[in-house]
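One-based numbering, in listed order, for ligands and for the atoms of each. Nothing here was measured: the structure is a model prediction, and the numbers come from that model.
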Amino acid sequence: MSNKITFGPSCVDPFDPNSISVAEALRRIEQRVLPVVACERLPIRDCLDRVNNEAVKSPHDVPPSPNSAMDGFAVAIDSLVAGGIAELDEIGTAYAGNPFEGECNPGQCVRIMTGALIPQGTDAVVMQEQAEVTESGKIRIDGDHRIGENIRQAGEDVQQGDTVIDAGARLSPADLGVLASLGIAQLQVKRKPVVAFFSTGDELVSLGEPLEPGKIYDSNRYSLHGMLSRMAVDIVDMGVIPDDLDSMREALAKAASRADLIISTGGVSVGEADYIKPALEEIGTTEFWKIAIKPGRPLTFGQIDASIFMGLPGNPVAVMVTFSQFVMPAIEVLSGATLRRPALFRARALDSMRKKPGRTEFQRGIASLDENNQWQVGKTGKQGSGILTSMSRANCFIVLPDDNSGVEPGDEVDIQFFDWSR
Ligand code: AMP
Ligand code: MG
């Protein structure tokens with residue numbers, strides 16, 4: 001392919017007044033991407049990380065009936081003596097799953113286990129550590145107890161008709177437990193989006209092949225595969241596509257026939273060997289964005305039939321940054337999930353950081369808690385957009401907003417922990 005020098009946008013260009021902000025790029029993504037409509041009904045174990053389709057309302061109270069929160073003795077508070085000690089007759093035992101069937105009368109008590117139904121005629125559970133068994137088998141309890149003590153009331157966790165899981169929620173392990181507690185065995189969830197991805201570049205060699213001069217191993221497909229594997233999507237890896245218009249057009253058309261979202265890396269600048277834009281213009285619609293972000297400035301966004309296309313830059317760090325900031329939200333919207341912004345934490349910078357105002361920078365950081373339990377963050381050495389080890393050593397992005405013009409040690413900065421499963 002040609003080695004001509006290019007004058008168009010590249011990742012290292014300084015501030016460009018034509019670029020859009022990160023927030024504006026996100027707004028356009030949210031506006032353009034449509035959620036998948038189709039659903040499937042699955043056993044709840046298979047619903048982990050999937051998107052709930054319709055709000056789940058509880059068919060009954062949880063717990064369904066009052067039960068004991070402790071091992072001890074079920075008593076009627078009226079049987080106790082204010083300021084003194086009552087001696088009660090133990091008339092039976094209530095087990096979790098095996099209730100005491102009789103009635104507890106004044107002067108009596110029932111031995112009770114955690115989770116057992118509260119016997120008729122009792123209104124409190126006294127912990128066994130607060131009761132004393134006499135030699136003759138009587139149960140001695142003081143008067144310092146109140147009605148409802150150690151009783152889990154019906155509906156204390158969930159009341160019948162309460163919404164327990166919202167539509168658009170991504171199901172967590174706790175959600176699966178809540179569904180089970182309601183007796184719900186199956187749930188309707190959105191189908192998984194299909195995401196196809198490929199690398200572009202004549203310099204790229206796949207693993208297992210020898211590295212000829214001028215070639216490099218394709219790393220983007222591996223980091224992309226890793227990030228996508230953490231999300232509830234079906235993945236189609238389309239390999240490396242050479243830098244020519246026909247191959248690119250063919251790859252895009254093939255990807256569009258099977259995927260909801262197509263991701264490519266490389267070839268989105270306007271160099272002689274950058275064919276993403278012309279190929280997309282032939283078979284779809286395209287918006288070419290310069291985003292005020294570093295790394296990751298050039299990004300192509302478009303559509304081929306019903307499929308969304310996101311052309312990420314080629315540099316390996318830029319791929320991971322733009323994936324985390326733009327592709328992940330696009331997948332959230334596509335999945336039908338309620339969009340959540342990644343959490344930012346304040347941290348004290350340990351290093352100085354050079355930065356020009358006018359764009360948002362995502363430096364790679366290692367965050368830890370200091371001796372006062374406050375976050376502190378240092379850089380992972382060289383920050384070039386091709387230095388992928390700066391990502392693998394890091395646990396967070398240091399997010400420097402548009403107006404920031406540099407950081408000195410001791411300054412407060414925002415950090416965003418890596419979360420490839422959002
Ligand atoms: P491009 O945007 O295609 O000009 O690529 C920018 C830089 O990223 C070039 O140095 C490419 O060699 C490099 N690059 C592109 N794709 C990959 C990839 N899949 N793996 C590793 N480096 C890549
Ligand atoms: Mg290239």
Side-chain angles (χ1 to χ4, degrees), residues 1-14 16 19 25 195-229 235-252 255 262-281 286-291 293-302 309-327 362 364 382-393:
M1 276 296 129
S2 155
N3 289 323
K4 275 183 204 154
I5 299 167
T6 63
F7 298 96
S10 86
C11 292
V12 293
D13 278 358
D16 179 337
S19 57
V195 181
F197 64 101
F198 56 85
S199 296
T200 70
D202 285 346
E203 74 280 32
L204 302 177
V205 168
S206 287
L207 292 183
E209 289 172 29
L211 208 56
E212 307 287 347
K215 306 279 182 178
I216 56 169
Y217 283 116
D218 173 8
S219 60
N220 287 343
R221 260 167 58 232
Y222 292 84
S223 50
L224 272 180
H225 188 272
M227 293 184 289
L228 287 167
S229 299
I235 303 172
V236 183
D237 181 346
M238 296 182 58
V240 178
I241 308 300
D243 284 323
D244 71 71
L245 188 57
D246 289 344
S247 307
M248 211 71 85
R249 194 193 314 104
E250 230 171 80
L252 286 172
I262 306 160
I263 304 168
S264 69
T265 65
V268 287
S269 301
V270 289
E272 295 281 321
D274 293 328
Y275 289 108
I276 285 291
K277 194 176 170 221
L280 191 63
E281 267 163 3
T286 170
E287 282 185 54
F288 178 64
W289 296 346
K290 285 177 282 178
I291 304 176
I293 185 176
K294 186 185 172 191
R297 204 166 75 94
L299 195 139
T300 302
F301 184 76
F309 172 77
M310 296 180 91
L312 309 185
N315 275 308
V317 178
V319 167
M320 297 193 78
V321 168
T322 49
F323 186 94
S324 71
Q325 303 308 311
F326 306 116
V327 179
F362 292 81
R364 277 69 69 202
K382 287 208 199 90
Q383 296 286 309
S385 65
I387 299 177
L388 194 50
T389 50
S390 72
M391 278 300 298
S392 67
R393 292 201 186 99

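Closest protein heavy atom to atom 22 (N) of ligand 1: Ile216 CD1, 3.4 Å. At the top of the distance list for atom 4 (O) of ligand 1, counting protein heavy atoms only, stands Asp274 OD1, 4.2 Å. Scanning the protein heavy atoms around atom 17 (C) of ligand 1, the nearest turns out to be Asn220 ND2, 3.2 Å. Ser219 OG, 3.4 Å is the protein heavy atom nearest to atom 21 (C) of ligand 1. Scanning all protein heavy atoms for the shortest distance to atom 9 (C) of ligand 1 gives Glu203 OE2, 4.2 Å. At the top of the distance list for atom 13 (C) of ligand 1, counting protein heavy atoms only, stands Gly314 O, 3.9 Å.
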Exercise for review: Before giving the answer on side-chain contact (heavy atoms from CB on, under 4.5 Å), spell out for Val205 and Glu212 the whole-Å C-alpha distance, their side-chain angles and the decisive distance to 0.1 Å.
Suggested key: CA-CA 9 Å; Val205 168; Glu212 307 287 347; over 6 Å; no
Practice item. Assess whether side-chain contact (heavy atoms from CB on, under 4.5 Å) is satisfied between Thr265 and Thr200, documenting all intermediate values. Key: CA-CA 6 Å; Thr265 65; Thr200 70; 5.7 Å; no
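For the residue pair Val268 and Gly311, the shortest heavy atom distance occurs at CG1-O, 3.5 Å. The two residues Gly296 and Thr322 have their closest heavy-atom pair at O-CG2, 3.6 Å.
Judged purely by atom type and a 3.5 angstrom limit, Asp202 uses its side chain to pair as donor or acceptor with the backbone of Asp243. Panel note: side chain Gln383, backbone Arg364; a donor-acceptor pair is recorded below 3.5 Å. With Asp218 contributing its side chain and Asn220 its backbone, the two residues share a donor-acceptor pair below 3.5 Å. Under the 3.5 Å distance criterion, the side-chain polar atoms of Tyr217 are matched with a main-chain donor or acceptor of Glu209.
Neither the backbone nor the side chain of Val240 comes within 4.0 Å of ligand 1, counting heavy atoms alone.
Using bins of under 30°, 30° to 60° and over 60° for the plane-to-plane angle, the ring pair Phe301/Trp289 lands in the parallel bin.
Note: no N/O pair closer than 3.5 Å links Pro316 and ligand 1 by distance alone. Among the atoms of Gly267, some N or O lies under 3.5 angstrom from an N or O of ligand 1.
Less than 4.0 angstrom separates some heavy atom of Asn315 from each of these atoms of ligand 1: 6 (C), 7 (C), 8 (O). Per-residue contacts place Asp218 under 4.0 angstrom from the following atoms of ligand 1 (heavy atoms of the residue considered): 18 (C), 19 (N), 20 (N). For ligand 1, the atoms lying closer than 4.0 Å to a non-hydrogen atom of Ser199 are 19 (N).
Heavy atoms of Gly201 come nearer than 4.0 angstrom to ligand 1 in no pair at all.
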